[in-house]
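Numbered from 1 within each chain, the chains take letters A, B, ... in sequence-line order.
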Protein chains: 4
Amino acid sequence: MSETRPQLSEARSSVGARRSEATEAAVLEAFAALLAEVGYPAITMEAVARRARAGKATVYRWWPTKAHIALSLISKAKIEIPAPRGLSLREDLIDYMTRVVGLWRGDAGLPVGLLVRHCYAEAWSDPELAAALQAERRERWTMLNAIIEAAVGRGELPPGTDLARAKDFVMSWPFYLLMTDRLPAPDEIARMVDDTLDGLRAGSSRRPSPGI
Amino acid sequence: MSETRPQLSEARSSVGARRSEATEAAVLEAFAALLAEVGYPAITMEAVARRARAGKATVYRWWPTKAHIALSLISKAKIEIPAPRGLSLREDLIDYMTRVVGLWRGDAGLPVGLLVRHCYAEAWSDPELAAALQAERRERWTMLNAIIEAAVGRGELPPGTDLARAKDFVMSWPFYLLMTDRLPAPDEIARMVDDTLDGLRAGSSRRPSPGI
Amino acid sequence: MSETRPQLSEARSSVGARRSEATEAAVLEAFAALLAEVGYPAITMEAVARRARAGKATVYRWWPTKAHIALSLISKAKIEIPAPRGLSLREDLIDYMTRVVGLWRGDAGLPVGLLVRHCYAEAWSDPELAAALQAERRERWTMLNAIIEAAVGRGELPPGTDLARAKDFVMSWPFYLLMTDRLPAPDEIARMVDDTLDGLRAGSSRRPSPGI
Amino acid sequence: MSETRPQLSEARSSVGARRSEATEAAVLEAFAALLAEVGYPAITMEAVARRARAGKATVYRWWPTKAHIALSLISKAKIEIPAPRGLSLREDLIDYMTRVVGLWRGDAGLPVGLLVRHCYAEAWSDPELAAALQAERRERWTMLNAIIEAAVGRGELPPGTDLARAKDFVMSWPFYLLMTDRLPAPDEIARMVDDTLDGLRAGSSRRPSPGI
DNA sequence: GGATAAACGAGACGGTACGTCCCGTCTTGAG
DNA sequence: CTCAAGACGGGACGTACCGTCTCGTTTATCC
């Protein structure tokens, strides 16, 4: 079906109305509002369209499932993450995690963590969504590369450190806490990072990770 | 006339028919069959009842949602976990994790891991289910107590080790792998345990965990 | 099925408990209460049993449908109808109709008219109920025989008058009014009787109709 | 962003898809078929939708209850009723009643009488349906006006005859016969009209009644 | 008095229909 | 040509009753 749908990136020379950016924004806004009001599982495509004053067909044209709308919201919810200060792996990670967990908890005005975990759950049964989610994740974890490479440069981590596995390991504990509904408060971030580092430093050089 | 009949306060102690065990088994069997055939999200209470040749009201009487049926299946899917051999924490954990991951992968004839993660996802929005899940988890992790206490007794872990936190930490990495759809093959269990132990040994004495 | 059920009239030599009159009364009472509270169509066997603190099987044992319970109530709702005074057909009929319509309107503490018309409606599709209704009707219209025979004796009606047809004709207009929800008030009974006696040609110019 | 989109008060005047006439016809057809097969009380909205290959929501959108579907069928079942020949009230009424009773008995391919009496029964508990039924009745009895007015013009009925009451009286006897399941055969129509015209006293000695 | 059997209350059971909601598609006319 | 509005066939939701069926308990006779 997707070959019959216009691609956002391809230049369209045809006549007629173009995709309405106002509608796209209205749909995302409606989704966010419903998320706050009724919770993710109770959101329906029907309600999103109604609330956005959009036709159902319009919503379906651009997002095949509600998880894709959630993913759009996640992608839009970027947060300013400053470059690592390069003092130490621990401090760089604390800075980074403070931002990430803050984003998840709702610092961007949206409980991104809720969206993330529900997207993961739906991706268990939807390979297409899983791929989209992975792409989003790769893009978002780039900053971690710089942090870990700097740590390797400073000798905090061994030279042969597997970058992919290290990123994966670093994110695993906060992700686990997100999945088990125990996201740390800001003043608990340091401890969470320490938990992670204990494992990372001891085992980082051992073997490559399958990558996530 | 009604004064000659028993009133609410002095009602006869009638009992009525009892729950049918055959029906309960048929429902669980139907659920498992549908899980294999159409996948968890596509299972409906309607289809479960139809397949089990049970009335919908009967299914709803005993299980308020399909996640509760899944939880019943999880509870029934006990697997023989031998007492730890007590050689070392690492070997005891490898034995234990081999059983747990095997159960998750389907060694009991049921992909318990799929059920577990979907139950967690539904519990995000259902406190009652979350509580039931927690009760099930507590019961199931008792063996870990013995393993960790033995390790403390042998001096592998410091005397002040927080049991709840240690259990939580030990399960976090396999759980993370389950949630991200990368459950290890049997020959990868040892490595998974090593990943976990690196973190556990370094940080086990540091602070108490909130407990999961 | 009824051959497997005890016949009330046949002598039973076997032992065992007898039909509980208290329960029968409680069921009828519950039905009447529900009729007032929720209306005939919303009455269910389940609710009657619950309200009467009777088992559902007990209710079904004695009344196969709710219409049969209604018929039991109708049969019990006898009203004192004095013998005709024998002055004239018109006056005797007015006396009689006043009682009958009063019974239908609820003078016996029960809107018998509602029960009657719903029983008729259910009898359209239930021959067994239709037969029971007819038996009840025959018994109830005996007084009309005396009234009409007296009128024949006085010469008000010709000697060859068909009794069955006359009774039928006399009841048709009030029955029609009952079925069309326009049961007359007490002071309109005389007019209703005159309508019946006169027919269209004789009475057409007399009074306006409320319209149906 | 939403400020650039139409608000509720200035909503675009979109129209949407229109009611499907094919579906309406299919529903009425399915209802008629089920009426013949299982009888009115056994008809369910579910079965009607299934048979018509229509969604249940579609059926409920246009008909709130099955009685409303029945009423739609009644309204559609018009029959050619010729203008009164104006010979006499009796002959005009016989012509008219022959058509009406024929319609009720099924001359239009549908046992309209069954539908009518069940609609009346349901209207006892549904004021909205009662109003719809009354509207239908008013429209359908217009021909009677002409018949009765002609009779007044010829002097067969007195000049002050109340039209509404006369129509009501004329219909009461056939209606009573319909309600008591004794609709006359074609060759009995004349007698039914005579019964109506004469009243009890004038006609009581003429013929025996079948009894109710 | 003990055995026996019917009727009882309670209520679980397999079913089915209820009326609502949402799915994803299609149709209509406005812009 | 896209959009909103919304009707459509379909199907699951969770509830309510249907009429039947155990379950023990109670009750009334009979041995």
- Query: Going through the distances and angles, do A:Trp124 and B:His118 end up as a ring pair (Phe, Tyr, Trp, His ring centres under 6.0 Å)?
  - Reply: CA-CA 9 Å; A:Trp124 294 333; B:His118 278 108; 5.2 Å; yes
- From the options E:dA12, F:dT20, E:dT27, select the nucleotide whose nearest atom is closest to the side chain of C:Tyr60.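 Within the option list, the nearest is F:dT20.
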- Task: Measure from the side-chain heavy atoms of A:Glu46 and tell me the nearest of E:dC22, F:dC18, E:dG9.
- Result: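 Within the option list, the nearest is E:dC22.
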- Message: When you measure from the side-chain N and O atoms of A:Arg61 to the phosphate of F:dT2, is any distance below 4.0 Å, counting only OP1 and OP2?
- Response: no
- Within the pair B:Arg53 and E:dG15, is there a side-chain N or O less than 4.0 Å away from OP1 or OP2? yes
Specify the separation, in whole Å, of atom [atom1] of [X] and atom [atom2] of [N].
| X | N | atom1 | atom2 | answer |
| --- | --- | --- | --- | --- |
| A:Trp63 | E:dT25 | CH2 | C1' | 19 Å |
| B:His68 | F:dG14 | NE2 | P | 12 Å |
| B:Asp126 | F:dG14 | CG | C1' | 15 Å |

- Heavy-atom donor-acceptor pair, C:Thr58 side chain to C:Ala54 backbone, under 3.5 Å: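 Looks like no, no N/O pair under 3.5 Å.
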- Which of residues 18-30 of chain D sit near DNA chain E, with a heavy atom under 4.0 Å from it? none
- Would the number of heavy atoms belonging to other residues, nucleotides or ligands and lying under 6.0 Å from CD of B:Glu29 be above 12? no
Taking side chain as C-beta onward, heavy atoms only, is [X] less than 4.5 Å from [Y]?
| X | Y | answer |
| --- | --- | --- |
| A:Tyr120 | A:Leu115 | no |
| A:Lys76 | A:Leu110 | no |
| A:Glu136 | A:Ile74 | yes |
| C:Thr23 | C:Trp62 | no |

- Residues in salt bridge (charged side-chain N to carboxylate O under 4.0 Å, His left out) with A:Glu46, at least two apart?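 Salt bridge (charged side-chain N to carboxylate O under 4.0 Å, His left out) list for A:Glu46, sorted by chain: A:Lys56.
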- Task: Output all residues satisfying salt bridge (charged side-chain N to carboxylate O under 4.0 Å, His left out) with B:Glu24, sequence neighbours left out; order by chain, then residue number.
- Result: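 Expected list: B:Arg19.
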- Of D:Trp62 and A:Thr58, whose nearest nucleotide on DNA chain F comes first from the 5' end?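 By nearest-heavy-atom nucleotide position, the 5'-most residue is A:Thr58.
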- Message: Let me spell it out: for each of B:Thr65 and C:Ala47, pick the nucleotide of DNA chain F with the closest heavy atom. Which residue's pick is nearer the 5' end?
- Response: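 It is B:Thr65, whose closest nucleotide lies nearer the 5' terminus.
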- Task: Looking at every strand, decide which applies to D:Ala57 at a 4.0 Å heavy-atom threshold: base, sugar-phosphate, or nothing.
- Result: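 Base, at least one base heavy atom under 4.0 Å.
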Residues 33-41 of chain B, side-chain donor-acceptor partners within the protein, below 3.5 Å, at least two apart:
residue : atom : partner  : partner atom : Å
B:Glu37 : OE1  : B:Arg51  : NH1          : 2.9
B:Glu37 : OE2  : B:Arg51  : NH1          : 3.2
B:Glu37 : OE2  : B:Arg51  : NH2          : 2.7
B:Tyr40 : OH   : B:Glu122 : OE2          : 3.1

- Task: Identify, residue by residue, the members of residues 32-45 of chain C with a heavy atom below 4.0 Å from DNA chain F, and return them in order of residue number, or none.
- Result: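 The answer is C:Thr44, C:Met45.
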- Consecutive-pair stems (3 or more, Watson-Crick or G-U, under 3.5 Å) for DNA chain E: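 The stems are E:1-31 with F:1-31.
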- Nearest-nucleotide 5' precedence on DNA chain E, D:Lys56 against A:Lys56: D:Lys56
- Item | B:Leu73 CG to B:Phe31 CZ distance, which is reported to the nearest 0.5 Å |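 The distance works out to 6.5 Å.
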